[in-house]
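Working notes for the structure below.
Heavy-atom basis, side chains included; hydrogens, waters and symmetry copies ignored.
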Amino acid sequence: MTLEKTPPLPSVPDPSLPSAAALARARRRASVARFWRQYRTHRSGLLGLAALALIALIAVLAPLLVGDDVQSVTHAPGTALESPSGEFPLGTDQFGRSLLGLLVWGSRISLTVGLLSAALSVAIGTLVGIIAGHYGRWYSTVIMRITDWFLVMPTLVLAIVLATVMSRSVWTIVVAIGVTSWPTTARLVRAQTIAIESRPYIERARALGGGHRHVMTRHVLPNVMPLVLAQTTLGISGAILTEATLAFLGLGDPTVVSWGGLLQDAREAGAVSSGHWWYLAPPGIAIAFVALAFTLCGRTVEAVLNPKLGAPR
């Protein structure tokens with residue numbers, strides 16, 4: 001007489017134990033906390049972060065600080081090219097508008113263009129780099145040759161060409177900067193992807209049935225995100241400088257106020273030859289200040305994520 005084996009009862013998860021999603025959230029919170037503890041040990045990074053927080057606050061509160069009519073030419077409160085005074089701390093432009101108000105309002109466009117174009121550039125570079133590093137063979141060869149072509153071509157020249165043939169708007173500037181400044185990110189991400197995919201857990205994922213999409217999105221992308229984050233913060237400063245250059249060359253949106261547009265207006269008004277320094281200095285200093293702040297933050301992020309760099313604190 002043989003006894004039939006009863007199938008084992010299905011295991012019931014213990015409700016007192018945390019779920020996989022809760023564990024993942026806890027790990028992310030711990031990772032962010034660890035990153036912040038290391039970041040705040042860098043004085044230069046804290047200084048850059050404080051400067052960016054102040055500029056972002058000014059840009060968000062610009063409608064309350066200076067009002068929407070600061071761009072109006074017909075209702076300008078002063079006369080043309082007044083020197084700095086109590087009423088106009090930074091003087092007026094060629095139309096009699098307050099340069100302080102224009103500087104505050106222009107921060108919105110300059111920061112927006114810098115952030116969006118850097119995000120677009122890094123997104124394109126990350127996608128190209130992961131695909132080239134993952135598939136390899138002739139895919140990587142073709143993609144990298146195209147990347148090398150963009151890399152050797154001057155970014156500013158390509159951006160000028162795109163801004164010339166497209167309609168003059170803020171989105172044109174964003175696209176012109178974004179689609180011409182991605183090659184550096186692509187090369188860095190490709191190298192990182194090749195290094196990641198040589199690790200044993202990638203082979204195990206493939207052996208368990210993980211396809212190309214699973215490997216790239218669930219294993220490669222999370223591991224290259226620190227590099228992408230550092231590259232984004234470093235790219236924003238370059239994007240702001242490029243936007244200012246395009247606006248200074250008259251390729252920006254004439255309907256909005258930006259720091260580069262103020263410099264272009266000052267050039268057209270003859271501020272250089274007539275000695276109206278208050279027309280030129282504030283937007284130039286603002287551009288340099290924001291670019292420096294983003295660079296400090298980017299270098300600190302890079303040093304935290306890669307301690308071997310030994311960046312100064």
Side-chain angles (χ1 to χ4, degrees), residues 55 58-60 62-63 65-82 88 90-121 154-181 236-274 276-291:
I55 296 170
I58 291 174
V60 171
L65 295 175
V66 298
D68 295 337
D69 58 346
V70 68
Q71 306 177 76
S72 176
V73 176
T74 57
H75 298 89
T79 58
L81 299 176
E82 290 187 35
F88 303 108
L90 297 181
T92 62
D93 68 349
Q94 56 183 330
F95 303 109
R97 298 176 296 180
S98 172
L99 282 175
L100 178 60
L102 294 175
L103 193 71
V104 171
W105 193 267
S107 63
R108 299 165 64 90
I109 297 299
S110 295
L111 289 179
T112 300
V113 171
L115 291 170
L116 292 180
S117 56
L120 177 61
S121 171
T155 301
L156 182 59
V157 174
L158 292 176
I160 290 174
V161 172
L162 288 177
T164 303
V165 299
M166 299 173 67
S167 60
R168 294 175 60 183
S169 67
V170 172
W171 295 110
T172 296
I173 299 299
V174 171
V175 172
I177 298 174
V179 301
T180 57
S181 56
I236 292 174
S237 60
I240 291 176
L241 292 173
T242 304
E243 184 276 331
T245 303
L246 293 176
F248 178 74
L249 295 175
L251 300 175
D253 189 348
T255 63
V256 298
V257 175
S258 68
W259 291 339
L262 290 177
L263 290 175
Q264 198 263 347
D265 291 341
R267 180 181 63 84
E268 288 185 348
V272 178
S273 58
S274 58
H276 296 141
W277 59 267
W278 62 87
Y279 205 164
L280 289 168
I285 293 174
I287 293 170
F289 182 74
V290 174

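Inter-residue side-chain proximity for V175 and L162 is flagged as unmet; no heavy-atom pair is nearer than 4.5 Å. Within the 4.5 Å cutoff, side-chain heavy atoms of T245 are placed close to those of L156. In this structure the side chain of L116 reaches within 4.5 angstrom of the side chain of W171, judged on heavy atoms. A 4.5 Å side-chain heavy-atom check between V70 and V104 finds every atom pair outside the cut-off. At a threshold of 4.5 Å between non-hydrogen side-chain atoms, the residues H75 and D69 do not count as touching. In this structure the side chain of V113 reaches within 4.5 angstrom of the side chain of I177, judged on heavy atoms. Using a 4.5 Å cut-off on side-chain heavy atoms (C-beta onward), P283 and L103 make contact. Counting heavy atoms from C-beta on, the side chains of L102 and L99 come closer than 4.5 Å.
With sequence neighbours left out, V73 forms a side chain to side chain contact (heavy atoms under 4.5 Å, CB included) with F95, R97. S273 pairs by the side-chain hydrogen bond (donor to acceptor under 3.5 Å, both in side chains) definition with nothing, not counting sequence neighbours. Annotation: side chain to side chain contact (heavy atoms under 4.5 Å, CB included) contacts of R168 (sequence neighbours excluded): P254. Remark: S110 engages E243, S258, W259 in a side chain to side chain contact (heavy atoms under 4.5 Å, CB included) (not counting sequence neighbours). For A271, the side chain to side chain contact (heavy atoms under 4.5 Å, CB included) criterion is met by A266, H276, Y279, L280, not counting sequence neighbours.
A side chain to side chain contact (heavy atoms under 4.5 Å, CB included) with F248 is found for one member of L262, D265, L263 and no other, namely L263.
Within the structure, salt bridge (charged side-chain N to carboxylate O under 4.0 Å, His left out) pairs that include any residue of residues 247-259 do not occur (at least two apart or interchain).
Using a distance-only test at 3.5 Å, with no hydrogens or angles considered, no donor-acceptor pair links the side chain of T79 to the main chain of G96. Within the 3.5 Å criterion, the main-chain N or O of S181 finds a donor-acceptor partner in the side chain of S121. Although no hydrogens or angles enter the test, the distance criterion places a donor-acceptor pair under 3.5 Å between the side chain of W278 and the main chain of E82.
Between L90 and P282, the shortest heavy-atom distance links the atoms CD1-CB, 4.0 Å.
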